[in-house]
Number of protein chains: 2
Amino acid sequence: MAIAKTAAFSKKEQEIAAFAKAIAHPARVAILKVLAGKTECVCGQIVDVLPLAQSTVSQHLKELKAAGLINGTVEGPRSCYCINWKAFEKFRNEFNSLFDTLQVKNNSCC
Amino acid sequence: MAIAKTAAFSKKEQEIAAFAKAIAHPARVAILKVLAGKTECVCGQIVDVLPLAQSTVSQHLKELKAAGLINGTVEGPRSCYCINWKAFEKFRNEFNSLFDTLQVKNNSCC
DNA sequence: CAGATTAATCGTACTTTTACGATGAATAAG
DNA sequence: CTTATTCATCGTAAAAGTACGATTAATCTG
């Protein structure tokens, strides 16, 4: 990237970008869907569903967790993940807020 | 990336991920805000506002255009960009649809 | 036509992301 | 206690992303 200029932008812009980055990979979207669809928390089942190696899935989970979108707790030899609905709701609002902001002036000249 | 596994996921997942990727950088979020805030189409003004070099801004614009989020037309020696509201609305809906899908079963066990 | 302006593209450098296999740590099962 | 299971982490490799300066192409201006 040659020295990230991220810090030069507003906090809001950085937040939205970070959230978008978290879901900017089909594997992570798929993981979220799996987590949302199960009643109980899942872990290795995700690996079975996705066309990726275990280590790669673990990496994606780590990123989702770092973004605050999911929670993870250790349950014996296995890890239990689930969606952090609070954070999700927050981002949903932030997203719609961005959309609203953009659409206040709906002028398309080209 | 070592051979992208993108193709192994559903089209919807790919679409959402691609859109998220487009706004997964604060500079691109900022660009969209600038475009939305102006009545007339802008081009080089974006460079003045952002803390980035002209070539870098041009690159970001290219990505936004490739994602279908903005339109661009050449106007003499300068280029005129503006938001593709139709695509934006589409993605807004797709996004809310994803949120809804995820929140159908709101079970958090951890 | 000559020079200035605007913006795309090229070349380059460096960082980050994506992906895998292998290893390691923790716990469950025998 | 030994073995199997589950998952995180490490090391590595390759691809993509980010950023810049320089160059180029197009078009205005004088």
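Residue numbers begin at 1 in each chain, while the letters A, B, ... track the order of the sequences. Note that these values count all heavy atoms, side chains included, but never hydrogens, waters or copies made by symmetry.
- Checking the phosphate oxygens (OP1, OP2) of D/dT6, no side-chain nitrogen or oxygen of A/Ser79 falls inside 4.0 Å.
- Within residues 10-17 of chain A, no residue has a heavy atom under 4.0 Å from DNA chain D.
- Side-chain contact between A/Ile83 and A/Leu69: absent, with no pair of heavy atoms (C-beta onward) separated by less than 4.5 Å.
- Under 4.0 angstrom from either OP1 or OP2 of D/dG17 there lies no side-chain N or O belonging to A/Lys21.
- The shortest side-chain heavy-atom distance between A/Glu94 and A/Ile16 falls under the 4.5 Å cut-off.
- The NE2 atom of A/His25 sits 18 Å away from the P atom of C/dT16 (whole-angstrom rounding).
- Between B/Phe91 and B/Phe95, the ring center distance fails the sub-6.0 Å criterion.
- For the pair B/Asn84 (side chain) and B/Gly68 (backbone), a donor-acceptor distance under 3.5 Å is present.
- OP1 and OP2 of C/dT6 both lie 4.0 Å or more from every side-chain N or O belonging to B/Tyr81.
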Anything under 3.5 Å between a protein N or O and an N or O of nucleotides 20-22 of chain C, put it in a table, one pair a line.
from	atom 1	to	atom 2	distance (Å)
C/dC20	OP1	B/Lys5	NZ	2.4
C/dC20	OP2	A/Ala53	N	2.9
C/dC20	OP2	A/Thr56	OG1	3.0
C/dG21	N7	A/Ser55	OG	3.2
C/dG21	O6	A/Ser55	OG	3.3

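- More than 12 heavy atoms of other residues, nucleotides or ligands sit less than 6.0 Å from atom NZ of A/Lys33.
- In the hydrophobic cluster analysis, where Ile, Leu, Val, Met, Phe, Trp and Tyr join through side-chain heavy atoms closer than 4.5 angstrom, B/Val74 is grouped apart from B/Val47.
- Partners of B/Phe9 by ring pair (Phe, Tyr, Trp, His ring centres under 6.0 Å), not counting sequence neighbours: none found.
- Listed for the B/Lys5 side chain is a donor-acceptor partner under 3.5 Å among the backbone atoms of A/Pro51.
- Using a 4.5 Å cut-off on side-chain heavy atoms (C-beta onward), A/Leu98 and B/Leu32 make no contact.
- The stretch residues 60-70 of chain A touches DNA chain D through A/Lys62, each having a heavy atom under 4.0 angstrom from the strand.
- Side-chain atoms of A/Arg28 never come within 3.5 Å of backbone atoms of A/Ile23 as a donor-acceptor pair (strictly under, hydrogens ignored).
- Within the 4.5 Å cutoff, side-chain heavy atoms of A/Lys65 are placed close to those of A/Tyr81.
- The side-chain heavy atoms of A/Arg92 and B/Asn96, taken from C-beta on, include a pair separated by under 4.5 Å.
- Looking at heavy atoms from C-beta onward, B/His60 lies out of side-chain contact with B/Ser58 at the 4.5 angstrom threshold.
- The main-chain N or O of B/Leu52 is never found under 3.5 Å from a side-chain atom of B/Thr56 such that the two would form a donor-acceptor pair.
- Between B/Ser58 and the phosphate of C/dA7, there is no side-chain N or O to OP1/OP2 separation shorter than 4.0 Å.
- Residue B/Asp48 contributes atom CG, which lies 13 Å from atom C1' of C/dT5 at whole-angstrom precision.
- For the pair B/Glu13 (side chain) and B/Ser10 (backbone), a donor-acceptor distance under 3.5 Å is present.
- Between the CD1 atom of B/Ile70 and the NZ atom of B/Lys62 there is a distance of 12.5 Å, given to the nearest 0.5 Å.
- For the pair A/Ile46 CD1 and D/dT6 P, the interatomic distance rounds to 14 Å; values are reported in whole Å.
- In DNA chain C, consecutive stretches of 3 or more Watson-Crick or G-U wobble pairs with both distances under 3.5 Å are given as paired ranges: C:1-30 with D:1-30.
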For nucleotides 25-30 of chain C, list the nitrogen or oxygen atoms of the protein found under 3.5 Å from its nitrogen or oxygen atoms, one pair per line.
none

